[in-house]
Amino acid sequence: MLFMIIVKASANSEAGHLPSPELMEAMNRYNQELKDAGVRVMAKGLHPSSNAIRLSYPETGGNPVISEGPFTDPYNTVAGFILIDVSSKDEAIQWAKKMPDPQGNGEGQVELRQVFE
């Protein structure tokens, strides 16, 4: 079963600040643990939404409306993701719970979503 651990952005990540060296080290250990267990498919961080383009479709069959970032609510944007391949939803939850606070300073939030296969 594929699950995506979606790392939500924060005001800090949207400002383009990289995590502290300590948090980077903790995330590297977590990613290595995922690799060693053979469950990590892919993991990537994303640039802030100031570099993003959003397309919305206000009319069925109409042309998309293009908006350039930054977007106002950082908690509705994505800062990164980890794709894992596990045997159950419970296992996915256990892996997600092992992740260090991805933003540090108590700002981190992740969302766990199953991927259609």
Side-chain angles (χ1 to χ4, degrees):
M1 301 174 80
L2 289 174
F3 283 85
M4 183 175 281
I5 302 171
I6 301 165
V7 177
K8 298 295 194 132
S10 69
N12 196 38
S13 69
E14 280 294 284
H17 300 139
L18 293 175
S20 70
E22 296 81 16
L23 180 54
M24 289 292 283
E25 184 178 315
M27 289 301 287
N28 286 337
R29 282 193 308 270
Y30 174 69
N31 273 291
Q32 190 60 51
E33 188 177 354
L34 292 168
K35 284 182 188 178
D36 292 347
V39 299
R40 192 183 107 164
V41 176
M42 175 187 280
K44 295 292 179 184
L46 303 174
H47 287 262
S49 72
S50 58
N51 295 329
I53 304 293
R54 184 176 286 169
L55 286 78
S56 56
Y57 299 83
E59 297 177 23
T60 302
N63 291 324
V65 174
I66 298 174
S67 304
E68 293 189 32
F71 303 116
T72 56
D73 184 2
Y75 298 102
N76 283 327
T77 59
V78 177
F81 67 91
I82 301 173
L83 187 63
I84 58 175
D85 190 356
V86 294
S87 60
S88 69
K89 182 178 182 178
D90 287 338
E91 184 181 357
I93 291 169
Q94 292 308 310
W95 280 111
K97 286 170 55 176
K98 289 182 179 186
M99 179 186 278
D101 174 353
Q103 297 295 342
N105 308 313
E107 291 184 320
Q109 185 179 55
V110 299
E111 184 175 323
L112 184 61
R113 303 273 299 272
Q114 187 172 357
V115 177
F116 282 109
E117 295 187 64

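Residue indices begin at 1 and follow the sequence shown. Computed from heavy atoms alone, side chains included, the values below leave out hydrogens, waters and symmetry copies.
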Exercise for the section: Evaluate side-chain contact (heavy atoms from CB on, under 4.5 Å) for Ile6 paired with Val110, printing each intermediate quantity in order. Expected result: CA-CA 5 Å; Ile6 301 165; Val110 299; over 6 Å; no
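- Scanning both residues, Pro48 and Gly16, for their nearest heavy atoms gives CG-CA, 3.8 Å.
- Within a 6.0 Å sphere centred on CE of Met24, heavy atoms belonging to other residues, nucleotides or ligands number 12 at most.
- You'll find the side chain of Leu2 reaches within 4.5 Å of the side chain of Asp85, heavy atoms only.
- Across all non-hydrogen atoms, the minimal contact from Ala43 to Ile82 is CB-CG1, 3.8 Å.
- Relative to the six-membered ring of Phe3, Arg113 misses at least one condition, a distance below 6.0 Å or an angle of at most 45° to the axis.
- Here the straight-line distance linking atom CD of Gln103 with atom CD of Gln109 works out to 10.0 Å at 0.5 Å rounding.
- Both Leu46 and Met42 are part of a single hydrophobic cluster, where members link through side-chain heavy atoms under 4.5 Å apart.
- Between Pro102 and Leu23, the closest heavy-atom pair is O-CD2, 3.6 Å.
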Practice task
Show the numbers, then the answer: is there a side-chain contact (heavy atoms from CB on, under 4.5 Å) between Ile66 and Arg54?
Solution key: CA-CA 6 Å; Ile66 298 174; Arg54 184 176 286 169; over 6 Å; no
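- Neither side chain, Ser50 nor Glu14, offers a donor N or O lying under 3.5 Å from an acceptor on the other.
- Contact annotation: the side chain of Phe71 never approaches that of Asn76 to less than 4.5 Å [non-hydrogen atoms, C-beta and beyond].
- Asp36 and Gln32 share a donor-acceptor pair across their side chains, judged by distance under 3.5 Å alone.
- Environment of CD in Glu111: crowded, with over 12 heavy atoms of neighbouring residues, nucleotides or ligands closer than 6.0 Å.
- Nearest heavy-atom pair across Ile53 and Glu68 is CD1-CG, 3.5 Å.
- Between Glu91 and Ser88, some side-chain heavy-atom pair lies under the 4.5 Å cut-off.
- Annotation: the span from Asp101 atom CG to Glu107 atom CD amounts to 8.0 Å, rounded to 0.5 Å.
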Handout entry: Trace of the salt bridge (charged side-chain N to carboxylate O under 4.0 Å, His left out) decision for Glu25 with Arg29
Key = CA-CA 6 Å; Glu25 184 178 315; Arg29 282 193 308 270; 2.9 Å; yes
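- When side chains are defined from C-beta on, Leu112 does not count as touching Met4, because their heavy atoms never get closer than 4.5 Å.
- A donor-acceptor contact shorter than 3.5 Å links the side chain of Asn31 to the backbone of Met27.
- No side-chain heavy atom of Leu55 sits under 4.5 Å from any side-chain heavy atom of Val65.
- The NZ atom of Lys35 sits 13.5 Å away from atom OH of Tyr30, with the distance rounded to the nearest 0.5 Å.
- You'll find the side chain of Leu34 reaches within 4.5 Å of the side chain of Trp95, heavy atoms only.
- The two residues Met1 and Lys89 make their nearest non-hydrogen contact at SD-N, 4.1 Å.
- Inter-residue side-chain proximity for Val41 and Ile84 is flagged as unmet; no heavy-atom pair is nearer than 4.5 Å.
- Following chains of ILVMFWY side-chain contacts shorter than 4.5 Å, one cannot reach Met99 starting from Val78, and the two form parts of different hydrophobic clusters.
- Glu33 has its side chain within reach of Lys98: a pair of non-hydrogen atoms, C-beta onward, lies under 4.5 Å apart.
- Of all heavy-atom pairs between Thr77 and Ser49, the closest is CG2-CB, 4.3 Å.
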